[in-house]
Amino acid sequence: MCGILGVVATTPVNQLLYDGLQVLQHRGQDAAGIATAEGGRFHMHKGSGLVRDVFRTRNMRSLMGNWGIGHCRYPTAGSADNAAEAQPFYVNSPFGLMLAHNGNLTNADQLKQDMFLQDLRHMNTNSDSEVLLNVLAHELQAASTKYQVDAETIFKAVAGVHRRVKGAYAVVAMIAGYGLLAFRDPYGIRPLVMGRNETSEGMEYMVASESVAIDTLGFKMLRDVEPGEAVLIDMRGNFVSRQCAERTLHAPCMFEYVYLARPDSVMDGISVYETRAKMGDFLADKIRLTMPNLAIDAVIPIPDSSRHSAMELAARLKLPYREGFVKNRYIGRTFIMPGQATRRKSVRQKLNAISQEFKGRNVLLVDDSIVRGTTSREIIMMAREAGAKKVYFASASPPVRFANVYGIDMPTRSELIAAFRNDEEICREIGADALIYQDLDDLKAAVRAINPAVTQFETSCFDGSYITGDVTATYLQNMEHKRSQPPLPASDDQDGFDGPDGEQLDLNLVQAG
Ligand SMILES: O=P(O)(O)OC[C@H]1O[C@H](OP(=O)(O)OP(=O)(O)O)[C@H](O)[C@@H]1O
Ligand SMILES: NC(=O)CC[C@H](N)C(=O)O
Ligand SMILES: [Mg+2]
């Protein structure tokens with residue numbers, strides 16, 4: 001998961017894109033980038049780090065124009081510390097294209113090879129998003145019969161992308177001289193929503209990973225981009241859309257509702273807050289049914305993401321809800337940090353126990369998920385150190401047993417604590433006195449309770465069933481193998497543009513630093 005954002009406005013968009021990326025920061029902490037357009041000229045700045053660290057005033061000043069796109073990255077392909085893989089990506093032909101992508105392609109290697117041999121295109125990084133941009137460029141070239149691009153040609157190109165590309169992709173792209181293009185894969189695995197803002201100068205449009213960006217930037221939520229659909233907003237603010245996929249099946253990623261998205265977002269008509277609260281209800285019922293004799297003095301959430309499930313669970317079980325951990329507001333999300341050592345260290349830096357809430361008590365700790373077990377292990381230890389008598393642990397989602405190949409960086413089963421263990425073994429491994437997991441059917445029911453119109457979900461990390469149909473055992477084995485190899489050293493010089501704070505690219509001027 002990454003955060004993507006695109007805007008066509010009536011005034012300069014640099015600040016709007018910056019503010020929007022800050023709101024989407026929870027979706028990617030490793031790199032950020034913004035591209036804008038002014039007439040036929042693109043401006044771009046991108047680099048490694050948080051949004052606030054990547055952009056300086058001088059970079060912001062150079063991002064001129066009334067339309068643009070932004071990206072914050074949580075890598076699933078390539079590596080975390082390679083600034084050349086920060087997004088957006090640019091190709092100059094046809095017309096001039098910029099692209100930012102959330103998701104992960106499952107046939108990126110094949111596409112890369114095809115493009116090199118057939119389309120004579122060179123890829124300069126290990127990013128699957130660069131591959132996606134080049135497929136779009138090739139399809140646009142193939143569909144174009146004129147010097148000027150039009151909506152018909154663009155929709156034809158997106159249909160070509162859907163035919164060639166496999167996996168998960170929510171995309172915002174800029175086509176020089178035309179405007180903003182946004183599209184979503186035929187399964188709608190990653191989210192993409194649209195908003196608009198009526199001004200005296202005309203209508204402004206925004207496309208974003210989550211509705212929270214639309215709310216906080218003063219736009220009004222319009223709707224979700226449909227699976228397989230492409231939307232186009234030209235530089236004058238005219239909007240058109242078209243279904244470009246031959247077949248679609250709406251199956252949004254379940255992990256968005258469990259952990260990835262912000263609770264104040266609504267995606268695919270599903271309020272993340274309400275669904276997390278519902279998860280708490282279902283989990284409470286399971287505890288009552290399967291562990292009726294558990295003596296619990298207090299329910300304690302593991303900040304941040306589990307709060308709303310824990311709150312509802314406590315209310316349903318008529319137990320006190322207590323805040324037993326303080327979160328350091330300056331430490332980011334640990335799960336999406338690169339490297340296990342950093343993640344482990346950051347849990348201790350991020351969370352600290354308030355001993356008064358633990359001393360002599362039996363506590364039920366609630367988290368949204370247990371993935372590698374980094375958080376649960378440390379937190380249970382902290383609760384005991386703080387004087388807890390018994391430490392029970394509940395997860396608002398089922399055991400994460402399978403790799404994710406659609407935009408969450410858990411490509412190998414070996415790193416997942418639940419992959420080859422039963423509940424009893426996991427309980428022992430994390431050091432809890434009892435462990436309760438949500439059932440998958442209940443998790444689905446918790447989301448459907450909020451929007452019954454969405455009936456299917458991408459739940460591969462829980463049940464090993466991959467919705468796109470192309471993820472074979474061999475593919476997964478290759479992923480395991482790739483990840484077990486030591487990473488290649490990242491070269492910041494790959495694209496020749498890198499300066500100390502990232503990449504500054506002013507097309508027509510090409511500047512570094
Ligand atoms: O089993 P693990 O591998 O530790 O992964 C699961 C944990 O990671 C996430 O928290 P994170 O700190 O990323 O973010 P949050 O503040 O949104 O809860 C998630 O909410 C769990 O607490
Ligand atoms: N998590 C994501 O959406 C990642 C996007 C893309 N696959 C990258 O690695 O940059
Ligand atoms: Mg957490």
Side-chain angles (χ1 to χ4, degrees), residues 1-4 24-33 46 71-80 82 84-89 99-106 108 125-133 167-171 189-191 209 253 255-256 258-263 272 276 301-310 325 327-329 331-338 340 342-344 346-351 365-380 393 395-397 399-400 404-411 415-418 426 429-430 461:
M1 80 175 177
C2 297
I4 59 171
L24 296 175
Q25 186 76 83
H26 61 283
R27 297 185 67 86
Q29 304 171 158
D30 287 1
K46 61 181 186 174
H71 187 267
C72 50
R73 181 173 190 231
Y74 158 62
T76 58
S79 67
N82 190 348
E85 287 169 359
Q87 301 192 35
F89 277 104
L99 177 140
H101 164 221
N102 171 209
N104 191 62
L105 307 190
T106 47
T125 70
N126 290 323
S127 166
D128 58 327
S129 310
E130 191 189 10
V131 174
L132 180 56
L133 170 60
Y169 47 98
V171 170
I189 297 174
R190 302 259 72 90
S209 295
C253 169
F255 216 63
E256 289 280 349
V258 169
Y259 164 73
L260 301 177
R262 256 176 65 150
V272 178
R276 285 189 190 159
I302 298 173
D304 257 336
S305 296
S306 71
R307 277 208 171 101
H308 307 115
S309 300
F325 294 101
K327 186 184 152 223
N328 180 339
R329 68 182 79 218
I331 305 279
R333 299 182 105 184
T334 54
F335 174 71
I336 62 171
M337 286 175 182
Q340 186 58 8
T342 318
R343 284 191 288 263
R344 195 174 311 119
S346 301
V347 172
R348 284 272 170 172
Q349 286 177 337
K350 175 174 167 169
L351 297 167
L365 307 184
V366 180
D367 209 348
D368 54 87
S369 58
I370 305 171
V371 182
R372 299 178 182 95
T374 324
T375 308
S376 39
R377 258 192 218 116
E378 292 292 331
I379 287 287
I380 290 168
F393 203 95
S395 164
S397 59
V400 175
N404 185 290
V405 297
Y406 299 127
I408 309 171
D409 189 40
M410 33 194 199
E415 68 194 86
L416 307 173
I417 193 168
I426 302 164
E429 191 65 28
I430 62 174
C461 63

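Computed from heavy atoms alone, side chains included, the values below leave out hydrogens, waters and symmetry copies. Just follow the structure's listing: the first ligand is 1, and inside any ligand the first atom is 1.
Close contacts of ligand 2 with H101, meaning ligand atoms under 4.0 Å from a residue heavy atom, involve 5 (C). Atom numbering of ligand 2 starts at 1 in the shown order; those under 4.0 Å from a heavy atom of N102 are 2 (C), 3 (O). Within ligand 2, counting atoms from 1 as listed, the ones closer than 4.0 Å to a heavy atom of A77 are 9 (O). Every atom of ligand 2 with a heavy atom of P75 under 4.0 Å away is listed here by number and element: 9 (O). Atoms of ligand 1 found under 4.0 Å from any heavy atom of D367, numbered from 1 in the order shown, are 20 (O), 21 (C), 22 (O). When each atom of ligand 1 is checked for a heavy atom of Y259 under 4.0 Å away, the hits are 9 (C), 10 (O), 11 (P), 13 (O), 14 (O), 17 (O), 19 (C), 20 (O).
Among all non-hydrogen protein atoms, the one lying nearest atom 17 (O) of ligand 1 is S305 OG, 2.5 Å. The nearest protein atom to atom 1 (N) of ligand 2, hydrogens excluded, is given as M1 N, 2.6 Å; this is a heavy-atom distance. The protein heavy atom nearest to atom 5 (C) of ligand 2 is G103 O, 3.3 Å. Atom 8 (O) of ligand 1 has as its closest protein heavy atom F335 CB, 3.3 Å. Looking only at heavy atoms of the protein, atom 4 (C) of ligand 2 is closest to C2 SG, 3.0 Å. Remark: minimum distance from atom 20 (O) of ligand 1 to any protein heavy atom is reached at D368 OD2, 2.5 Å. Among all non-hydrogen protein atoms, the one lying nearest atom 7 (N) of ligand 2 is D128 OD1, 2.6 Å.
Residue S369 has no nitrogen or oxygen atom sitting less than 3.5 Å from a nitrogen or oxygen atom of ligand 1, judged on distance alone. Looking at G373 next to ligand 1, an N or O pair under 3.5 Å apart turns up. Ligand 1 has no N or O atom lying under 3.5 Å from any N or O atom of S376, backbone or side chain. Close N/O approach between G332 and ligand 1 is not found [any backbone or side-chain N/O within under 3.5 Å]. Here's the thing with T334: one of its N/O atoms is less than 3.5 angstrom from an N/O atom of ligand 1. Checked against a 3.5 angstrom limit, the closest N/O atoms of Y74 and ligand 2 fall inside it. Residue I370 places no N or O, backbone or side chain, under 3.5 Å from any N or O of ligand 1.
Heavy atoms of K350 come nearer than 4.0 angstrom to ligand 1 in at least one pair. Heavy-atom distances between I302 and ligand 1 stay at or above 4.0 Å for every pair. Distances shorter than 4.0 angstrom do not occur between any heavy atom of R27 and any atom of ligand 2. For E85, the heavy-atom gap to ligand 2 stays at 4.0 angstrom or more. Using a 4.0 Å heavy-atom cutoff, S129 is listed among the residues neighbouring ligand 2.
For the pair R276 and R307, the minimum side-chain heavy-atom distance is 4.5 Å or more. At a threshold of 4.5 Å between non-hydrogen side-chain atoms, the residues S209 and I4 count as touching. Side chains of Q29 and I336 form a contact here, defined as non-hydrogen atoms less than 4.5 Å apart. Contact of the F255 side chain with the N404 side chain is not registered, since no non-hydrogen atoms from C-beta on lie closer than 4.5 Å. S305 places none of its side-chain heavy atoms less than 4.5 Å from the side chain of H26. Looking at R27 and R333, their side chains never come closer than 4.5 Å, going by heavy atoms from C-beta outward. In this structure, the side chains of I370 and I417 come closer than 4.5 Å at one or more pairs of heavy atoms.
Residues I379 and L351 approach most closely at CD1-CD1, 3.4 Å, considering heavy atoms. Of all heavy-atom pairs between D368 and S306, the closest is N-CB, 3.4 Å.
N104 contributes atom CG, which lies 3.5 Å from atom OG1 of T76 (distance to the nearest 0.5 angstrom). For the atom pair CZ of R73 and CD of E85, the computed distance is 5.0 Å after rounding to the nearest 0.5 Å.
The aromatic rings of Y74 and F335 sit tilted, their planes meeting at an angle between 30° and 60°.
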Requested in this report: Go through the steps for N82 and T125 under the test side chain to side chain contact (heavy atoms under 4.5 Å, CB included), then give the verdict.
Outcome: CA-CA 9 Å; N82 190 348; T125 70; 5.5 Å; no
**Report entry** Chi angles and distances behind the side chain to side chain contact (heavy atoms under 4.5 Å, CB included) call for L416, V371
**Finding:** CA-CA 6 Å; L416 307 173; V371 182; 3.7 Å; yes
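The pair K327-D304 meets the salt-bridge criterion, since a charged nitrogen lies less than 4.0 angstrom from a carboxylate oxygen.
Within the set R372, R343, M410, Q29, the minimum heavy-atom distance to atom 2 (P) of ligand 1 is found for R372. Taking all heavy atoms of T375, I336, L416 into account, the minimum distance to atom 7 (C) of ligand 1 is reached by T375.
Counting heavy atoms under 4.0 Å from ligand 2, residue R73 touches it through the side chain alone. With a 4.0 Å cut-off on non-hydrogen atoms, Q87 touches ligand 2 through its side chain and not its backbone. Looking at V371 against ligand 1, both its backbone and its side chain come within 4.0 Å, counting heavy atoms.
A cation-pi arrangement, defined by a distance under 6.0 Å to the six-membered ring centre and an angle within 45 degrees of its axis, is absent between K350 and F325.
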